[in-house]
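Residue indices begin at 1 and follow the sequence shown.
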Amino acid sequence: MNEQLDRGSIGLEVSNFGPIVEADVDLRPLTVLVGPSNTGKSYLAILIYALHRYFGGGGGPARRRIPARFAMFRGPKDQELPRKAIDSTVELAERLLGDEETRSSEAGIILPEWVVELIRSGLSKQGTYIGNEIGRCFGVKTIGALIRKETKGKGAAVIGFRVHGENGQEPIDHRLTITPHASQLETIIAKATQMRIPIEDAAVRGRYLRNMALRMISAGDQGEEGLDFYARELLQELAGYVHPQIVGPLHLPSFYLPADRTGVMHAHNVVVSALIESAAMTGLRPAARTPMLSGVLADFLEQLIDLDRSTFRRRQRREDLGKPIEEAILAGSVEIDRSEAIDYPHFTYRPNGWRDNLPLMSASSMVSELAPVVLYLRHMVGPGNVLIVEEPESHLHPAMQVEFTRQLAHLVNAGIRVIVTTHSEWVLEELANIVRRSEISKTRRREAVGQRVALRPDQVGAWLFQQKRRPRGSVVKELKLDDETGLYPADYDIVSEALYNDSASIFNETRIDIR
């Protein structure tokens, strides 16, 4: 993997996963997956989403920052902490209560090495649970179904991700191995690695930790059981605070907008109504064999229903990040009308200058395609989140594809991490312009109307999926800006050249016939 990762990126290494033979990708603030159909772009995007779901939770601001699945202690063998660990935790609690230097250190609160080792050991038991979440997101019954078929059942899929170390520290490596019947995680944290609660958080979090430490010491009168309980609570809390240092950007909540979102937007009420009706008739008629939804589609449906609920209202107090897309592309506004009778949302579109709303089904396919993007940005997705969009060019005129690419760049500058899969030459060309524009001074960019948005090269990563015959599958390589053309060298020029040659040949043949 690339050792020179910036703090906002993470290295992801995948082999024998779905159609992917091998991939080595840096996930940057804006990551673009490009290439022919059926090469694994969606596979990789869903995998990234599943990792974010597991390590960062997801579904909206009402969810916990640290998911309940990320627990240091699991299983019957871990029902009680070793006495040595409890004694060490008591000593740590006393230090948190009494050591003024620890609480005011510029480095924040540094965790002892034995706590870091407990965290690493706890992570090593998470393989099965991570595998279950990946399987859920893909909608498969067993995680082994995602192993590349050409391995003939003898191989394994491997997912590795490397978190860039801070302040010159060694990176933290995670390796998930998926076999036909199990998945296992191995985490490597160098002994010299320091885990700390940053100084900007130490004041607030330090007070909370000291209160927990006080409860733990007070619990000594309750015997071993009380000490064990509060030791677990304190250690789990410490693990939660350093969680972002352990898994990097994967701790951020993510939201996935699938490629068929237009159809889902139109049919979601029918789908949900059918599921509710089936549930109500259970036991009264033979069970229907309803196809199982993949996790990404199920999450999308659930979030559509909850978009404007009170649990998400706190996001409305910040800037409306969906508004610029309405103004620049939709020429109108997307709204949610919730039925009071059944408490269910209906999506509408009001063109500029109109008094009445149109049902979304009566609007253009472009509006239907971008409506969920606008609504997610308005109600759910904000700075510090990850937005994954499949095929953002769907149903968009080339000029609107270019404009939407600029809007995505604005989102990155607003603090949202963006991942897209695309087949669009226009998206890739405008992305190249956005990166090259970062070489122009901000003053000169402000003077050029429509050319203000720019991203640095280290903020953007473009990755090409290429089909391979032996072994059969796809390999993924990075696309770097060509110094001569100023473009990302994808394979679109091959198609353009073939079309041109075919056109020239037809032209020559028609001239011969005329003669």
Side-chain angles (χ1 to χ4, degrees), residues 6-10 26-32 45 48-49 52 56-61 63 65 200 244 248-257 261 303 307-308 312-330 333-334 369-390 392-393 396 400-422 427 430-438 440-443 445-446 448-462:
D6 70 276
R7 290 182 61 182
S9 65
I10 185 170
D26 295 346
L27 301 179
R28 297 172 187 161
L30 176 55
T31 302
V32 180
I48 295 167
Y49 173 73
H52 275 282
R63 302 294 179 92
R65 182 178 64 85
E200 58 269 21
L250 292 180
H251 82 283
L252 301 174
S254 67
F255 300 85
Y256 196 104
L257 299 183
R261 53 189 171 273
Q303 290 161 1
L307 270 173
D308 63 333
F312 301 113
R313 284 179 187 165
R314 74 180 182 90
R315 290 221 178 270
Q316 298 178 16
R317 292 200 290 267
R318 59 161 176 75
E319 179 185 1
D320 182 357
L321 295 175
K323 192 66 176 177
I325 297 176
E326 291 178 325
E327 295 174 347
I329 301 177
L330 298 186
S333 59
V334 180
E369 188 70 22
L370 292 182
V373 180
V374 170
L375 293 173
Y376 267 59
L377 291 171
R378 178 167 295 148
H379 296 286
M380 297 180 71
V381 181
N385 292 165
V386 178
L387 179 64
I388 304 174
V389 186
E390 280 199 87
E393 70 273 12
L396 268 63
M400 295 297 99
Q401 294 181 34
V402 171
E403 179 57 41
F404 189 51
T405 306
R406 293 172 184 163
Q407 294 297 327
L408 292 177
H410 282 299
L411 295 180
V412 173
N413 283 331
I416 298 174
R417 298 177 70 89
V418 177
I419 299 171
V420 299
T421 69
T422 184
V427 168
E430 177 56 22
L431 184 63
N433 290 339
I434 289 170
V435 173
R436 291 173 58 228
R437 197 173 294 136
S438 66
I440 305 172
S441 68
K442 291 183 179 180
T443 302
R445 289 206 306 268
R446 292 191 190 99
V449 178
Q451 294 191 6
R452 297 177 182 177
V453 64
L455 295 173
R456 301 187 313 273
D458 64 307
Q459 291 179 288
V460 179

Shortest non-hydrogen contact from Gln459 toward Val412: NE2-CG1, 4.3 Å
Trace of the side chain to side chain contact (heavy atoms under 4.5 Å, CB included) decision for Phe404 with Glu393: CA-CA 8 Å; Phe404 189 51; Glu393 70 273 12; over 6 Å; no
Leu431 and its side-chain contact (heavy atoms from CB on, under 4.5 Å) partner, picked from Val402, Leu30, Leu408: Leu30
Residues which pass side-chain contact (heavy atoms from CB on, under 4.5 Å) with Ala328, listed by chain and number, not counting sequence neighbours: Glu403, Gln407
Point-to-point distance, once rounded to the nearest 0.5 Å, from CG of Leu27 to CD1 of Ile48: 4.5 Å
Spatial distance of atom CD1 (Ile388) from atom CZ (Arg417) [nearest 0.5 Å]: 11.0 Å
Distance (rounded to the nearest 0.5 Å) between Phe255 CZ and Tyr376 OH: 8.0 Å
For the student: nearest non-hydrogen atoms of Asp458 and Arg28, plus distance: O-CD, 3.7 Å
Shortest non-hydrogen contact between Ala45 and Thr421, atoms and distance: CB-CG2, 4.0 Å
Residue pair Leu307, Met380: steps toward the side chain to side chain contact (heavy atoms under 4.5 Å, CB included) verdict: CA-CA 7 Å; Leu307 270 173; Met380 297 180 71; 3.2 Å; yes
pair Leu321-Val381: side-chain heavy atoms closer than 4.5 Å: no
Smallest separation among heavy atoms of Leu252 and His52, with atom names: O-ND1, 3.0 Å
Between CG on residue Leu330 and CD on residue Glu369, distance to nearest 0.5 Å: 11.0 Å
Ile10 to Pro249 - nearest heavy-atom pair and separation: CB-CD, 4.1 Å
Backbone N/O of Val453 and side chain of Arg437: donor-acceptor pair under 3.5 Å: yes
Value rounded to 0.5 Å, distance of CG in Asp320 from NE2 in His379: 8.0 Å
Residues in side chain to side chain donor-acceptor pair (under 3.5 Å) contact with Thr405, at least two apart in sequence or another chain: none
Heavy-atom closest contact (Leu377 atom, Gly322 atom, distance): CB-N, 3.7 Å
Point-to-point distance, once rounded to the nearest 0.5 Å, from CD of Glu390 to CZ of Arg261: 8.0 Å
